[in-house]
Amino acid sequence: MENGQGNNDQNIKIILPPRPDRKKVAPQSTSEKTQSVRVTIPPRQDRKTTSPQIVQGSTPQYTESINSNIGGAARTEKSFEQLAQLASSVVMIMVHDSAGEEFACGSGIMIGRKGYILTNNHVLTDGSFFSVRIENDDTCYRTNQVIKYNTLLDLAVIRIDRTLVPLPIYKGPQKLVRGQKVVAIGSPLGLFNSVSDGIISGFREKDDVELIQFTAPVSSGSSGGAVLNMYGEVIGISTTVIRNAQNINMAVGYEFINLFIQGFTSS
């Protein structure tokens with residue numbers, strides 16, 4: 001019995017070792033599978049890390065252009081209601097003769113904080129002095145200061161004794177195109193700061209001056225008023241109404257305006 005039991009014990013000892021070996025093999029094979037999974041994970045992490053680096057590190061200018069298109073402090077399109085609020089920077093100009101009688105009316109836009117207003121030269125023709133009316137201001141500002149004028153461009157700058165909030169003038173990162181939406185603000189027939197909308201319908205030339213043709217309704221008294229893009233920037237100044245026609249109106253473009261008002265916008 002003892003020998004039998006001893007043989008049995010030895011047999012047990014012989015049989016048991018292979019079993020732990022098999023158990024050890026199984027985890028090794030499992031760990032190998034785990035390692036294979038770990039091998040596939042890093043490339044996924046690398047891809048996630050690499051893609052932002054490509055976008056951010058490609059070119060700083062490209063990143064800036066994306067940010068400017070997204071918004072933030074950059075240009076964003078405005079609603080018609082928001083554009084209408086810019087009427088507070090558009091003025092009505094009454095023209096007086098030497099006897100003080102008012103005989104004509106036009107519009108103008110604020111271009112410099114120290115009282116500078118841009119209008120059409122023909123608005124001021126034959127005037128001895130001018131009265132300027134500003135939205136939400138009961139004071140009527142009288143002036144005879146014509147600071148600068150150009151008959152060919154039909155532009156002029158006057159000045160009043162008041163701090164103003166200028167409108168931004170378009171700088172032309174992209175050229176204007178037909179079909180582009182516009183908003184006109186002025187005082188047609190003395191109807192103070194009326195707002196109308198339309199599109200750019202064409203580009204014309206008169207006496208070597210390029211004009212913007214637009215459809216936003218304007219009338220006599222709108223001359224010198226603002227033609228805005230959807231970002232609230234001045235792209236033109238209402239200049240001419242084609243009579244006996246339907247919404248064929250002309251504006252002096254921003255290129256000529258920017259040249260003409262140099263030195264006033266920083267004031």
Side-chain angles (χ1 to χ4, degrees), residues 80 83-84 86-87 89-97 101-111 117-133 135 146 148-158 167 169-170 176-230 233-257 260-261:
F80 287 114
L83 291 171
L86 298 178
S89 292
V90 181
V91 305
M92 183 165 72
I93 301 172
M94 286 76 73
V95 185
H96 301 266
D97 60 21
E101 294 294 325
E102 178 185 327
F103 68 91
C105 174
S107 304
I109 66 168
M110 300 178 186
I111 57 167
I117 295 170
L118 178 68
T119 186
N120 283 139
N121 182 66
H122 76 260
V123 169
L124 310 179
T125 302
D126 297 327
S128 293
F129 67 92
F130 317 99
S131 298
V132 176
R133 181 179 171 190
E135 198 165 277
V146 180
K148 182 179 181 180
Y149 69 93
N150 185 300
T151 56
L152 180 62
L153 297 178
D154 195 14
L155 295 176
V157 173
I158 63 173
L167 284 172
I169 310 297
Y170 186 58
L176 305 180
V177 295
R178 285 180 297 179
Q180 182 175 335
K181 292 180 180 179
V182 297
V183 166
I185 304 177
S187 298
L189 303 179
L191 298 174
F192 184 39
N193 277 2
S194 299
V195 180
S196 59
D197 71 296
I199 62 170
I200 293 175
S201 51
F203 301 93
R204 312 299 171 192
E205 185 174 310
K206 180 181 179 182
D207 298 329
D208 296 324
V209 177
E210 293 183 2
L211 300 174
I212 302 169
Q213 180 184 338
F214 65 99
T215 65
V218 293
S219 300
S220 176
S222 297
S223 294
V227 180
L228 306 171
N229 61 16
M230 296 305 290
E233 300 161 331
V234 176
I235 61 170
I237 293 293
S238 298
T239 299
T240 305
V241 176
I242 306 300
R243 300 188 184 279
N244 301 321
Q246 295 184 4
N247 295 336
I248 301 178
N249 310 307
M250 302 294 172
V252 178
Y254 66 92
E255 302 98 332
F256 296 105
I257 293 172
F260 185 75
I261 65 174

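Just so it is clear, the values below take in all heavy atoms, side chains as well, and ignore hydrogens, waters and symmetry mates. In this chain, numbering begins with 1 at the start of the sequence shown.
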Sole residue of [options] in side chain to side chain contact (heavy atoms under 4.5 Å, CB included) with [X]:
| X | options | result |
| --- | --- | --- |
| V218 | V227, I185, V241, T239 | V241 |
| T240 | M250, H122, R204 | M250 |
| I111 | I257, L167, V157 | V157 |

Intermediate values then yes/no, side chain to side chain contact (heavy atoms under 4.5 Å, CB included), D97 and D126:
CA-CA 7 Å; D97 60 21; D126 297 327; over 6 Å; no
For residues [X] and [Y], report the shortest heavy-atom separation together with the two atoms involved.
| X | Y | answer |
| --- | --- | --- |
| V146 | F130 | CG2-CE1, 3.8 Å |
| T125 | F103 | O-CZ, 3.8 Å |
| C105 | G190 | SG-CA, 4.1 Å |
| A87 | E135 | CB-OE1, 3.7 Å |
| N229 | Y170 | ND2-CD1, 3.7 Å |
| I169 | Y254 | CG2-CB, 4.4 Å |

Rounded to the nearest 0.5 Å, how far apart are [atom1] of [X] and [atom2] of [Y]?
| X | Y | atom1 | atom2 | result |
| --- | --- | --- | --- | --- |
| L191 | M92 | CG | CE | 9.0 Å |
| E233 | L86 | CD | CG | 10.5 Å |
| F214 | N247 | CZ | CG | 9.0 Å |
| I237 | I261 | CD1 | CD1 | 8.5 Å |
| S220 | R243 | OG | CZ | 5.5 Å |
| F203 | I212 | CZ | CD1 | 6.5 Å |

Side-chain heavy-atom pair D197, K181 within 4.5 angstrom cut-off
no
Do the side chains of I200 and V182 get nearer than 4.5 Å, heavy atoms only?
yes
Are the side chain of [X] and the backbone of [Y] linked by a donor-acceptor contact shorter than 3.5 Å?
| X | Y | value |
| --- | --- | --- |
| N120 | G224 | yes |
| S187 | G221 | no |
| D207 | L152 | no |
| N249 | A216 | yes |
| S219 | P217 | no |
| D154 | N121 | yes |
| S89 | I109 | no |

Does the pair L211 and V209 meet the rule for a side chain to side chain contact (heavy atoms under 4.5 Å, CB included), with working shown?
CA-CA 6 Å; L211 300 174; V209 177; 4.1 Å; yes
Would you please test M230 and L83 for side chain to side chain contact (heavy atoms under 4.5 Å, CB included) and show each step?
CA-CA 8 Å; M230 296 305 290; L83 291 171; 3.8 Å; yes
Please indicate whether [X] has more than 12 foreign heavy atoms, meaning atoms of other residues, nucleotides or ligands, lying under 6.0 Å from its [atom1].
| X | atom1 | answer |
| --- | --- | --- |
| K148 | NZ | yes |
| E210 | CD | no |
| E205 | CD | yes |

Over 60° means perpendicular and under 30° means parallel, so classify the ring planes of F129 and H96, tilted if in between.
parallel
Given side chain to side chain contact (heavy atoms under 4.5 Å, CB included), test L118 with F260 step by step and report yes or no.
CA-CA 10 Å; L118 178 68; F260 185 75; 3.9 Å; yes
